[in-house]
Amino acid sequence: MRIATWNVNSLRARLPRVEDWLADVRPDVLCMQETKLAEDAFPHLAFEQLGYQCVHHGQGQWNGVAIASRVGLDDPVRGFADGAPADPEARLVTATCGGVRVSSVYVPNGRSLDNDHYRYKLEWMQRLLVHLQENEDATRPVIVTGDFNIAPDDRDVHDPKAFVGATHVSEPERESLRALERWGLSDVFRKFYEGDRLFSWWDYRSGDFHQGRGLRIDLVMATAPVVDRARWAIVDRNARKGQQPSDHAPVLVDLND
DNA sequence: ATGGTCGTTGCACGA
């Protein structure tokens, strides 16, 4: 089974590239973030023509997450299932695909350490942990993947000195990821690239992509039954090149059947 | 040196 995550930065703007990429790479499951589409505006037909069923949790204009699967898509859940009032932003969607409980997540950016949005980010990560504790079983196959807007450690940052005092690298953010790890998830990419400085996002500005100035913030977090099956992972940098790319590259993981 | 580019919506803001 091949699973991928890709922050597409507007599915309306990116649909031609997503279609071409799906036809080339043929993942069994693709988790998308930042569709920036209203719930009903998702282009289901385009995905069906490529053999994918989809679930979309959208709000229009901002955010929006989706899962496309060609290995089945059962029991879809939009947002948190923790009994608390619904998150006003569309940042989480879950479905069972090919025997794995898969969540596509778009963690809040945070903007700056003194911004209310940073508080929202930390609360959102805590709520994700509670949602997993209450809804999932860490001894079974679970994947939580998407744009976490957190670089797990300094290997994931092109220039750590330039990020002192910034979001994406702060200790509370990194601690919130470690809390997910204590529950039972681990960063599948690091099983294959222990010491490598490989990134998944590059700012559009200043030629950052071609200068190698990026962050690894798009993560495939998985429970042990999935990690044990993982045999290969890669950041598809080719998808960040050429005409009208997203600012994120897809991250792929292949699992043994 | 604190810039720059996208995508959204409209004449600014979020990333």
Side-chain angles (χ1 to χ4, degrees), chain A residues 5-21 30-43 46 56-66 87-93 104-125 128 145-152 156-170 172-174 176-177 198-219 235-251:
Chain A
T5 183
W6 194 5
N7 179 325
V8 297
N9 186 16
S10 168
L11 192 54
R12 202 189 310 278
R14 215 68 59 210
L15 186 58
R17 288 201 58 138
V18 172
E19 289 175 306
D20 288 350
W21 187 84
L30 172 62
C31 292
M32 288 169 276
Q33 302 84 38
E34 285 206 89
T35 64
K36 298 185 175 178
L37 296 173
E39 188 88 20
D40 299 335
F42 189 89
H56 179 227
H57 181 34
Q59 66 179 83
Q61 184 176 4
W62 309 118
N63 311 311
V65 285
D87 186 353
E89 302 192 352
R91 297 181 175 277
L92 170 65
V93 68
S104 177
V105 303
Y106 177 46
V107 177
N109 175 289
R111 297 179 192 163
S112 62
L113 300 187
D114 60 357
N115 194 297
D116 285 346
H117 203 254
Y118 177 73
R119 183 60 45 194
Y120 172 54
K121 182 180 196 172
L122 296 178
E123 289 168 356
W124 200 95
M125 285 294 287
L128 177 62
T145 185
D147 178 359
F148 280 79
N149 272 312
I150 301 169
D156 304 306
V157 182
H158 68 89
D159 182 1
K161 287 183 198 139
F163 277 77
V164 171
T167 60
H168 296 62
V169 304
S170 73
E173 289 166 87
R174 287 173 166 174
S176 73
L177 265 183
L198 294 166
F199 310 128
S200 65
W201 170 85
W202 301 261
D203 199 301
Y204 282 122
R205 294 171 288 187
S206 310
D208 276 9
F209 176 66
H210 293 101
Q211 298 293 327
R213 293 190 289 260
L215 301 175
R216 192 176 67 92
I217 55 178
D218 298 275
L219 308 178
V235 178
D236 185 2
R237 296 178 74 262
N238 285 331
R240 181 62 176 78
K241 302 175 183 174
Q243 296 281 54
Q244 291 189 288
S246 170
D247 46 354
H248 296 251
V251 179

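Just so we're on the same page: letters track the sequence lines, and every chain starts at 1. Please read all numbers here as calculations on a predicted model, not as lab measurements.
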Check the surroundings of atom CD in A:E39: do more than 12 heavy atoms from other residues, nucleotides or ligands lie under 6.0 Å from it?
-> yes
Whole Å only: how far is the CH2 atom of A:W62 from the P atom of B:dG14?
-> 7 Å
NA contact type, A:R14, heavy-atom cut-off 4.0 Å: base, sugar-phosphate, or nothing?
-> sugar-phosphate
Is the A:W21 ring parallel, tilted or perpendicular to the A:W6 ring (thresholds 30°, 60°)?
-> tilted
Distance between C1' atoms of B:dG10 and B:dG14 (Å, rounded) | 15 Å
Rounded to whole angstroms, how far apart are CG on A:D247 and C1' on B:dT8?
-> 13 Å
Would you mind telling me which of B:dT5, B:dT8, B:dA15 lies closest to the side-chain atoms of A:K36?
-> B:dT8
Is the A:F148 to A:H168 ring centre distance short of 6.0 Å?
-> no
A:N63 CG to B:dA15 P: how many Å, rounded?
-> 7 Å
For atom CG of A:N115 and atom C1' of B:dG14, their distance in whole Å | 11 Å
In whole Å, what separates the P atom of B:dC13 from that of B:dG3?
-> 15 Å
Mapping A:R12 and A:E34 onto DNA chain B by nearest heavy atom, which one lands closer to the 5' end?
-> A:R12
Taking atom P of B:dG14 as reference, at what distance in whole Å does atom CG of A:D147 sit?
-> 17 Å
Against the side chain of A:Q244, the closest entry in B:dA15, B:dG7, B:dT8 is B:dG7
Between B:dG4, B:dT8, B:dA15, spot the one nearest the side chain of A:S206, thanks.
-> B:dG4
If we take the P atom in both B:dT9 and B:dA15, what is their distance in whole Å?
-> 15 Å
Under 3.5 Å, is there a donor-acceptor pair between the A:S200 and A:D218 side chains?
-> yes
Look at A:R205 and B:dT2 and indicate whether a side-chain polar atom (N or O) is within less than 4.0 Å of OP1 or OP2.
-> no
Could you give the NE2-to-C1' distance, from A:H248 to B:dT5, as a whole number of Å?
-> 14 Å
Can you tell me how far C1' of B:dT5 sits from NE2 of A:H210, to the nearest Å?
-> 14 Å
Between A:D247 and A:W201, is any side-chain donor less than 3.5 angstrom from a side-chain acceptor?
-> yes
Return the value, rounded to whole Å, for the distance between atom CG of A:N9 and atom C1' of B:dG14.
-> 10 Å
The residue, A:S10 or A:Y106, whose nearest nucleotide of DNA chain B is more 5′ is A:S10
